[in-house]
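Worksheet for the structure shown next.
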Amino acid sequence: MMWGKAMNRHDQPYDWQRFWIHFVCGALIGGGIGFFYWFRHWHAGLSVWGCTAFPSLALALLGGVFGDCFWEGFLKFIRRWYWWV
């Protein structure tokens with residue numbers, strides 16, 4: 001850190017702890033989104049495991065790899081439809 005210069009979050013190193021925090025949060029949010037989709041569009045042939053596993057894994061990997069940049073973009077994308085987020 002340089003003296004007299006504020007350090008922003010992009011100057012910080014991305015370590016494994018931050019990766020796993022973003023990964024787990026992405027898995028939980030993705031699982032919730034998949035379960036909501038399954039619950040809303042339920043029919044006899046629709047598998048709950050397939051509907052929750054794909055978004056959970058996708059959000060976990062994207063959140064873990066891209067970190068805060070992904071979550072900022074995700075929230076901007078969600079706010080287009082849901083103003084209370």
Side-chain angles (χ1 to χ4, degrees):
M1 183 170 140
M2 302 176 99
W3 294 101
K5 182 179 178 184
M7 188 172 163
N8 61 15
R9 68 172 178 257
H10 299 294
D11 292 337
Q12 298 172 353
Y14 197 75
D15 57 355
W16 283 106
Q17 181 182 8
R18 290 182 65 186
F19 171 82
W20 286 111
I21 290 170
H22 289 291
F23 185 88
V24 169
C25 290
L28 292 174
I29 293 171
I33 291 172
F35 183 77
F36 178 73
Y37 177 82
W38 173 79
F39 189 74
R40 179 127 188 212
H41 302 285
W42 185 85
H43 59 81
L46 190 61
S47 170
V48 67
W49 297 111
C51 287
T52 57
F54 179 71
S56 179
L57 182 62
L59 279 166
L61 289 174
L62 289 170
V65 171
F66 296 109
D68 291 329
C69 294
F70 169 73
W71 291 114
E72 288 174 10
F74 180 76
L75 288 176
K76 285 181 184 177
F77 179 76
I78 293 297
R79 282 188 188 126
R80 291 180 184 170
W81 288 282
Y82 304 105
W83 56 269
W84 63 84
V85 176

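Computed from a predicted structure; not experimentally measured. Below, each value reflects all heavy atoms present in this structure, side chains not excepted, and no hydrogens, waters or symmetry copies.
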Under 4.5 Å between side-chain heavy atoms, counting indirect links through other Ile/Leu/Val/Met/Phe/Trp/Tyr residues: same cluster for [X] and [Y] or not?
X	Y	result
Val24	Leu75	no
Phe36	Trp81	no
Leu46	Phe35	yes

* Derivation of the side chain to side chain contact (heavy atoms under 4.5 Å, CB included) call for Phe23 and Val65 -> CA-CA 8 Å; Phe23 185 88; Val65 171; over 6 Å; no
Tell me every residue that passes side chain to side chain contact (heavy atoms under 4.5 Å, CB included) with [X], counting only those two or more places apart in sequence or in another chain.
X	answer
Phe66	Leu62, Phe70
Phe39	none
Leu57	Leu61

* **Residue list, ring pair (Phe, Tyr, Trp, His ring centres under 6.0 Å) with Tyr37, at least two apart or on another chain** =>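 Tyr37 satisfies ring pair (Phe, Tyr, Trp, His ring centres under 6.0 Å) with His41 once adjacent residues are dropped.
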* To do: Go through the structure and list residues passing ring pair (Phe, Tyr, Trp, His ring centres under 6.0 Å) with His43, not counting sequence neighbours.
  =>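 Per chain and number, His43 pairs via ring pair (Phe, Tyr, Trp, His ring centres under 6.0 Å) with no residue.
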Testing the basics here: between [X] and [Y], what is the closest heavy-atom pair and its distance to 0.1 Å?
X	Y	result
Ile29	Leu59	C-CD1, 4.2 Å
Ser56	Ala27	OG-O, 3.0 Å
Gly50	Pro55	O-CD, 4.5 Å

* Within 6.0 Å of CZ in Phe19, more than 12 heavy atoms from elsewhere ->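 For Phe19, atom CZ is crowded (more than 12 foreign heavy atoms under 6.0 Å).
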* Does the side chain of Asp68 reach to within under 4.5 Å of the side chain of Arg18, using non-hydrogen atoms? ->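 Yes, close enough: below the 4.5 Å cut-off.
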* **side chain to side chain donor-acceptor pair (under 3.5 Å) partners of Trp38, counting only residues at least two apart** =>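 None.
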* Start with the C-alpha distance between Trp16 and Ile21, add both sets of side-chain angles, then the distance that settles side chain to side chain contact (heavy atoms under 4.5 Å, CB included), and finish with yes or no. => CA-CA 9 Å; Trp16 283 106; Ile21 290 170; over 6 Å; no
* **Distance (rounded to the nearest 0.5 Å) between Arg40 CZ and Cys51 SG** =>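 If we round to the nearest 0.5 Å, Arg40:CZ and Cys51:SG are 14.0 Å apart.
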